[in-house]
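Heavy atoms only: backbone and side chains are in, while hydrogens, waters and symmetry mates are out.
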Amino acid sequence: TSLVESIIPFFWRLGTIGIGLTAVAAGVLYYVQDSLLYFPEIGGVPRHNRDNPRHYRSPQDHGLNFEEHFIACEDGISIHSWLLMQPDSKRSR
């Protein structure tokens, strides 16, 4: 019983240290989570359509039927989108 009695406190301390380190790691990850996100950006490509090279500004450059939409998000960001119409679509007529 002396061996069991000496092992139990060791594993108790080991478990406590493990849980503590896990909590610290989770806290650090929570703190730096925004810097861990991937925001894709192609080098040298402008972020606004008006600054893009010709034929990369809108579907109109290629003669496509489209509608331009701006989607308002809850956080105040506006997402610019295009709805491309199919040739046999009722809305494209």
Side-chain angles (χ1 to χ4, degrees):
T1 63
S2 66
L3 180 63
V4 172
E5 289 174 357
S6 64
I7 290 177
I8 290 176
F10 170 75
F11 282 116
W12 182 262
R13 285 189 191 123
L14 189 64
T16 304
I17 291 170
I19 290 172
L21 289 175
T22 302
V24 168
V28 168
L29 285 174
Y30 179 78
Y31 183 73
V32 298
Q33 65 183 332
D34 287 338
S35 65
L36 297 175
L37 295 176
Y38 174 65
F39 297 104
E41 186 173 312
I42 300 170
V45 175
R47 296 187 71 109
H48 299 286
N49 293 337
R50 66 180 177 272
D51 300 328
N52 284 341
R54 277 188 57 212
H55 300 297
Y56 289 97
R57 294 184 184 150
S58 83
Q60 186 177 17
D61 293 346
H62 299 281
L64 297 174
N65 227 3
F66 73 99
E67 290 179 1
E68 191 169 27
H69 294 276
F70 290 90
I71 303 167
C73 299
E74 291 179 3
D75 59 359
I77 301 294
S78 180
I79 299 174
H80 180 215
S81 64
W82 294 309
L83 175 63
L84 299 177
M85 301 297 192
Q86 297 299 313
D88 58 351
S89 171
K90 291 178 183 177
R91 293 180 77 178
S92 68
R93 294 180 190 154

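Every residue meeting the side-chain contact (heavy atoms from CB on, under 4.5 Å) condition with L29, not counting sequence neighbours, appears here in chain and number order: L36. For F70, the ring-ring contact (aromatic ring centres under 6.0 Å, His included) partners are H80, not counting sequence neighbours. Residues satisfying the side-chain contact (heavy atoms from CB on, under 4.5 Å) criterion with S81, sequence neighbours excluded, are H69, I71. Considering only residues two or more places apart in sequence or on other chains, I19 meets the side-chain contact (heavy atoms from CB on, under 4.5 Å) condition with none of them. The side-chain contact (heavy atoms from CB on, under 4.5 Å) test applied to F11 returns I7, L14, not counting sequence neighbours.
When hydrophobic side chains of Ile, Leu, Val, Met, Phe, Trp and Tyr are connected at separations under 4.5 Å, I17 ends up clustered with L21.
Between E68 atom CD and L83 atom CG the span is 11.5 Å, to the nearest 0.5 Å. Distance CD/Q86 to CG/L64: 9.5 Å, rounded to 0.5 Å.
In terms of heavy atoms, F66 sits closest to P59 at CD2-CB, 3.8 Å.
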